[in-house]
Amino acid sequence: MASTTERKKHGFKLPHLLWIILGLILLMSILTYVIPAGEFEKDEKGNLIGTAFHYLGYQTPINPWQAAMMMLDGLSGSVTIIMLVMISGATIGVILDSGAIDDFLNWAVYKLKDKGANVLIPVLFIIMVYLGGFGGSDAFVALVPIGVLFAKKLNLDPIVALGVTTFATLVGFGTGPTKQLIPQTTMGLPAYSGFGMRLLIMTFYMLVGLILLMRYVRKIQKDPSASAMGNTDWLEKGEFDAVIEIKEERLSWKTVAILVIFIGQYLLMVWHGMVDPGTTYPFNFAVHLLAALACGVLSGLSADGIGSSFAKGFSSMAFVGFIIGMARVVSLVMTQGHIMHTIVYVLTRPLMNIPHGITLIGLVVIISIINLIIPSASSKAAILVPIIFPITQALGIHPQLAVQAFQFGDGFTNLVSPALGWTMGSLDTAKVPYDRWLKWVLPKVILMILLSFPWIYALEAIGWTGL
């Protein structure tokens, strides 16, 4: 038997997502026996009429075995979305293995190495935000040593090192225009729709983040003891000085071409979605595939190398695809058990007489809190979208606004989530204690969440649909 000390050391651990989603299916199955069955009326277009709800007067329960029998239907009904997510992962896998992002960063860092903090940090921050916005992943933890090296060169602390790398990439990742593929497609919206507005929002938050970081940089330059690290030990030379050496990197035309193709594919898909929305999914799938192959060939990867990178990226999204299918099962159980509309009715009744903008702000807050324990955007989307979507339908809120509320809630608390490997791995790499990081970044996270309120309220007020 494990000792009390060992049990305390391990502490609480969130169950694997597999058990969360299967537990949710089981829970919904049980609730079909408990929650009164009911349904909203629908208009001629199939949209819910939020003011026309009635209880059936009898139960239509779905037992656990019937729910299990729905799993194949859930997967097959989500196959288009699942395959689009997996091919997107395959493209990013090839891009990362091509070395183009590494080459670009090495080139940029070498060019900036002799510049002062007022030039070096803003340029590097902007580059990192856009990289995070278009291709961010946990692999970006590997960028932290670069930030540490430059922070040391400028006599700045490890907080700044994280600020110019992890803080920047997660700001881009959380607000980027290509990061809401799953909630968009699950809510029936064209993939990457609303691209222009989300690019504007990302740029806005990039400027906010940069201003906050530069204020801290100037503070440390004036008084090193004001560091959030709580000491000035970081002024001494450390392990990264000997490990990392900045070498000159020539930016080849191949690297530029790969990055242009990678970013250009999203622009092409957005354009096609406006011109011919009826073929959005087949077109996007084909573009992702061709972009992956073109980038692989340009990078000089062998045929086997391209295949391996493609397979690795594709398979990395396989479990995400399974979860998307299982989330559809949750929705099927709730719908066929006639409790989906009852839940929506109960949740939306208090919201019927308040402005939609306030309702969307509430969604941002709720999802921000949930994000602390379930930082994976795909996981949250799989669990929450089946609930959020019918609520917004019942309230007459456009699903694009629901997606934006989801993105705001999903983006910023990544920076403080102890459950996110990207954040915790970065802290370990930079040797920054979690409490020191929290002291510095938490006020900024709160500010960014508060700034999202007028954004979402204004978008609802102007009737933004992103289409």
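Proximity of a side-chain donor or acceptor of Thr465 to a complementary backbone N or O of His398 within less than 3.5 Å is not detected.
Partners of Arg198 according to the side-chain hydrogen bond (donor to acceptor under 3.5 Å, both in side chains) rule, which considers only residues two or more places apart in sequence or in another chain, are Gln400, Gln404, Gln407. Listed by chain and residue number, nothing satisfies the ring pair (Phe, Tyr, Trp, His ring centres under 6.0 Å) test with Phe322 (two or more places apart in sequence, or in another chain). Shown here are the side-chain contact (heavy atoms from CB on, under 4.5 Å) partners of Tyr434, two or more places apart in sequence or in another chain: Val416, Pro418, Met424, Leu427, Leu438. For Leu210, the side-chain contact (heavy atoms from CB on, under 4.5 Å) partners two or more places apart in sequence, or in a different chain, are Pro122, Phe125, Met214. With sequence neighbours excluded, the residues that form a ring pair (Phe, Tyr, Trp, His ring centres under 6.0 Å) with Phe204 are Trp455. Residues forming a ring pair (Phe, Tyr, Trp, His ring centres under 6.0 Å) with Tyr192 (at least two apart in sequence, or on another chain): Tyr266. For Val365, the side-chain contact (heavy atoms from CB on, under 4.5 Å) criterion is met by Ile369, Phe453, not counting sequence neighbours. For Ala226, the side-chain contact (heavy atoms from CB on, under 4.5 Å) partners are Lys219, Asp223, not counting sequence neighbours. Listed by chain and residue number, Trp440 satisfy the ring pair (Phe, Tyr, Trp, His ring centres under 6.0 Å) test with Tyr216 (two or more places apart in sequence, or in another chain).
Within the structure, the salt bridge (charged side-chain N to carboxylate O under 4.0 Å, His left out) test picks out no pair touching residues 79-95 (sequence neighbours left out). The salt bridge (charged side-chain N to carboxylate O under 4.0 Å, His left out) pairs that include a residue from residues 293-312 are Asp97-Lys312, where partners are two or more places apart or lie in different chains.
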Tabulate below the donor-acceptor pairs under 3.5 Å that side-chain atoms of residues 294-302 make, not counting sequence neighbours, or state none.
| unit_1 | atom_1 | unit_2 | atom_2 | d |
| --- | --- | --- | --- | --- |
| Ser299 | OG | Cys295 | O | 3.3 |
| Ser299 | OG | Gly296 | O | 2.7 |
| Ser299 | OG | Leu301 | N | 3.4 |
| Ser302 | OG | Gly305 | N | 2.9 |

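To the nearest 0.5 Å, the span separating CG on Leu22 from CG on Leu27 amounts to 12.5 Å.
When the options Ile358, Leu363, Ile361, Thr359 are evaluated for a side chain to side chain contact (heavy atoms under 4.5 Å, CB included) with Ile456, the one that passes is Ile361.
In this structure, a donor-acceptor pair under 3.5 Å is present between the side chains of Thr203 and Tyr130.
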